[in-house]
S.K.: 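One structure is given below, represented as structure tokens, and several questions about it will come after.
Everything numeric here is computed off the predicted structure, so don't read it as measured data. No hydrogens, no waters, no symmetry mates; every other heavy atom, side chains included, goes into these values. Read the numbers this way: they start at 1 and go in the same order the structure lists the ligands and their atoms.
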Amino acid sequence: KRAVDRYLKREVLGEGTYGVVYKAIDTKTTQVVAIKKIRLGKQKEGVNFTALREIKLLKELKDPTIIELIDVFPHKGNLHLVFEFMETDLEAVIRDRNIFLSPADIKSYIQMTLKGLAFCHKKWVLHRDMKPNNLLIGPHGQLKLADFGLARIFGSPDRRFTHQVFARWYRAPELLFGAKQYGPGVDVWAAACIFAELLLRRPFLQGNSDIDQLGKIFAAFGTPKPSQWNDMVHLPDYVEYQYVPGQPLKTLFPTATEDCLDLLSKMFTYDPKARISAQQALEHRYFSSGPPPTEPALLPRPA
Ligand code: ADP
């Protein structure tokens, strides 16, 4: 049976960074799946093969904290990626005004996020496009990271679709300064922004351009001093900024505990070399001190 005949196409779920996403039934397993149709450039046959090979490697990236890539097949000049279907995402949870998130709930969501990051970083795979709607939530409340590794394979998602501008709010300062070489720290910064968003129930640093994004970061944490971040001045888009002082984290997040603020500040470290790793973050006392994280099945979710 041809790969394309294995799946019964149902409704469109939405339009994402790379193309349309469909709901479908996998006739082989009767499982409900989400199929991401990725438009590939026409004249770039070589790229397609490279993409296919690299995507196949992503199939090996299996963990309960990662959306499983079930199958990959090319069809009519598009690449089709078949993923396990998920009910909702963290963005829907954060935006839902009927949902109250307790400190234990927030701890649970951010712990699951960091577990997914730590797993992929251990395998040297970066996400690069972490945002609340890439954190999908399954039927038992388990959070799983979606779109891992896609950004590198298909290039930086172009920002053609208006909703894509929101990804800027999660960009690490080194990316905003045009760093060409960067590491897992970009995902940790994004996770910190998501952590902050869980606490505030609105996006924390809402820049309306890349420059403005840096401005928002500086207004919160203060302009970085070269002593804090040695390599900063060598980054391609680095420009000197007028000094602005930061604000105490306690003022920015009045409801957060001391442990929570300490972890947050370590994730929001300017110098990516000094920034806490996902694994270290999981070992932070925030996760061992009370209250314990809520069991996934008991987490509040949209009706
Ligand atoms: P973006 O590029 O903005 O992250 P995606 O391409 O990931 O968007 O997804 C587009 C739409 O498809 C979204 O509405 C998302 O909720 C839905 N979607 C993506 N992956 C899945 C999945 N595994 N299960 C269910 N819905 C999904």
Side-chain angles (χ1 to χ4, degrees), residues 6-26 28-40 51 55 58-59 61-73 75 78-96 99 109 112-113 116-117 119-120 125-171 175 186-187 190-191 193-194 197 203 206 296 301-303:
R6 174 174 161 184
Y7 304 97
L8 292 176
K9 217 188 247 179
R10 305 287 283 272
E11 72 269 23
V12 170
L13 290 168
E15 174 111 14
T17 314
Y18 305 101
V20 176
V21 184
Y22 295 94
K23 190 172 183 173
I25 309 293
D26 183 349
K28 193 171 149 192
T29 62
T30 72
Q31 192 186 2
V32 183
V33 294
I35 302 187
K36 216 169 256 205
K37 197 168 112 180
I38 299 189
R39 300 183 219 91
L40 291 172
I55 275 286
L58 285 187
K59 275 175 80 177
L61 204 66
K62 270 197 204 174
D63 191 73
T65 57
I66 307 296
I67 292 287
E68 189 186 345
L69 177 58
I70 298 166
D71 194 12
V72 186
F73 60 91
H75 181 61
N78 293 310
L79 204 51
H80 290 68
L81 308 188
V82 183
F83 293 99
E84 61 179 309
F85 179 82
M86 299 287 273
E87 309 279 333
T88 184
D89 60 53
L90 194 62
E91 185 177 30
V93 171
I94 292 172
R95 303 284 174 269
D96 191 330
I99 290 179
Y109 277 127
M112 291 190 282
T113 304
L117 280 186
F119 171 79
C120 290
V125 180
L126 305 189
H127 192 291
R128 274 199 2 182
D129 199 24
M130 291 272 292
K131 49 193 174 179
N133 71 339
N134 270 338
L135 303 179
L136 304 185
I137 297 173
H140 309 294
Q142 68 290 37
L143 178 146
K144 299 186 183 213
L145 278 52
D147 288 352
F148 236 101
L150 294 190
R152 196 180 73 81
I153 296 172
F154 298 107
S156 251
D158 68 30
R159 307 290 170 197
R160 249 181 306 178
F161 306 108
T162 45
H163 68 273
Q164 271 308 311
V165 299
F166 301 133
R168 178 189 302 121
W169 300 340
Y170 307 92
R171 300 199 89 198
L175 293 176
V186 300
D187 292 336
C193 295
I194 294 166
E197 190 164 334
Q206 305 184 46
R301 42 206 281 120

S.K.: Check ligand 1 against Asn133 and write out every atom of the ligand that is under 4.0 Å from a heavy-atom position of the residue.
M.R.: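 Contacts of ligand 1 toward Asn133, numbered from 1: 3 (O).
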S.K.: Give the atom numbers and elements of ligand 1 that come within less than 4.0 Å of a heavy atom of Lys131.
M.R.: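 Atoms satisfying the 4.0 Å criterion: 3 (O), 4 (O).
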S.K.: Which of the atoms in ligand 1, numbered in the order shown and given with their element, are less than 4.0 Å from a heavy-atom of Phe85?
M.R.: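 Checking each atom against Phe85, I get 24 (N), 25 (C).
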S.K.: Can Lys37 be said to sit on top of Tyr22's aromatic six-ring, NZ or CZ under 6.0 Å from centre and within 45° of the ring axis?
M.R.: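 No, Lys37 does not lie over the aromatic ring of Tyr22.
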S.K.: Salt bridge check, Lys59 against Glu68: does any charged N sit closer than 4.0 Å to a carboxylate O?
M.R.: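 A salt bridge is absent here (no side-chain N lies under 4.0 Å from a carboxylate O).
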S.K.: Do any N or O atoms from the side chain of Glu91 and from the backbone of Asp89 form a donor-acceptor pair under 3.5 angstrom?
M.R.: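 Checking the backbone N and O of Asp89 against the side chain of Glu91, no donor-acceptor pair under 3.5 Å is found.
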S.K.: Does the N or O separation between Met86 and ligand 1 drop below 3.5 Å for any pair?
M.R.: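 Such a contact does occur with ligand 1.
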S.K.: Check ligand 1 against Asp147 and write out every atom of the ligand that is under 4.0 Å from a heavy-atom position of the residue.
M.R.: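 Matching atoms, with element in brackets: 4 (O), 7 (O).
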S.K.: For a 4.5 angstrom cut-off between non-hydrogen side-chain atoms, does Leu90 reach Asn133?
M.R.: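 Not touching, per the 4.5 Å side-chain cut-off.
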S.K.: Does ligand 1 have a heavy atom under 4.0 Å from the side chain of Val21, from its backbone, from both, or from neither?
M.R.: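 For Val21, the contact with ligand 1 is made by the side chain alone.
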S.K.: Give the atom numbers and elements of ligand 1 that come within less than 4.0 Å of a heavy atom of Leu136.
M.R.: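 Heavy-atom distances to Leu136 below 4.0 Å select 20 (N), 21 (C), 22 (C), 23 (N).
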S.K.: Any salt bridge linking Asp26 with Arg6? Criterion: basic side-chain nitrogen under 4.0 Å from a carboxylate oxygen.
M.R.: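 Yes, charged N to carboxylate O under 4.0 Å.
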S.K.: Side chain, backbone, both or neither: which part of Glu84 comes within less than 4.0 Å of ligand 1 when only heavy atoms are counted?
M.R.: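 Looking at Glu84 and ligand 1, just backbone atoms fall under 4.0 Å.
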S.K.: Say whether Glu15, considering both its backbone and side-chain N or O atoms, lies within less than 3.5 Å of an N or O atom on ligand 1.
M.R.: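 For ligand 1, there is no N or O atom that lies under 3.5 Å from one belonging to Glu15.
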S.K.: Using a strict 4.0 Å threshold on nitrogen-to-oxygen distance, state whether Lys36 and Glu15 make a salt bridge.
M.R.: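 No.
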S.K.: Side chain of Asp147, backbone of Asn134: donor and acceptor closer than 3.5 Å?
M.R.: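 Side chain of Asp147 to backbone of Asn134: no pair is present.
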S.K.: Pull out every atom of ligand 1 sitting under 4.0 Å from any heavy atom of Ala34, numbered as shown with elements.
M.R.: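 Close to Ala34: 21 (C), 22 (C), 23 (N), 24 (N).
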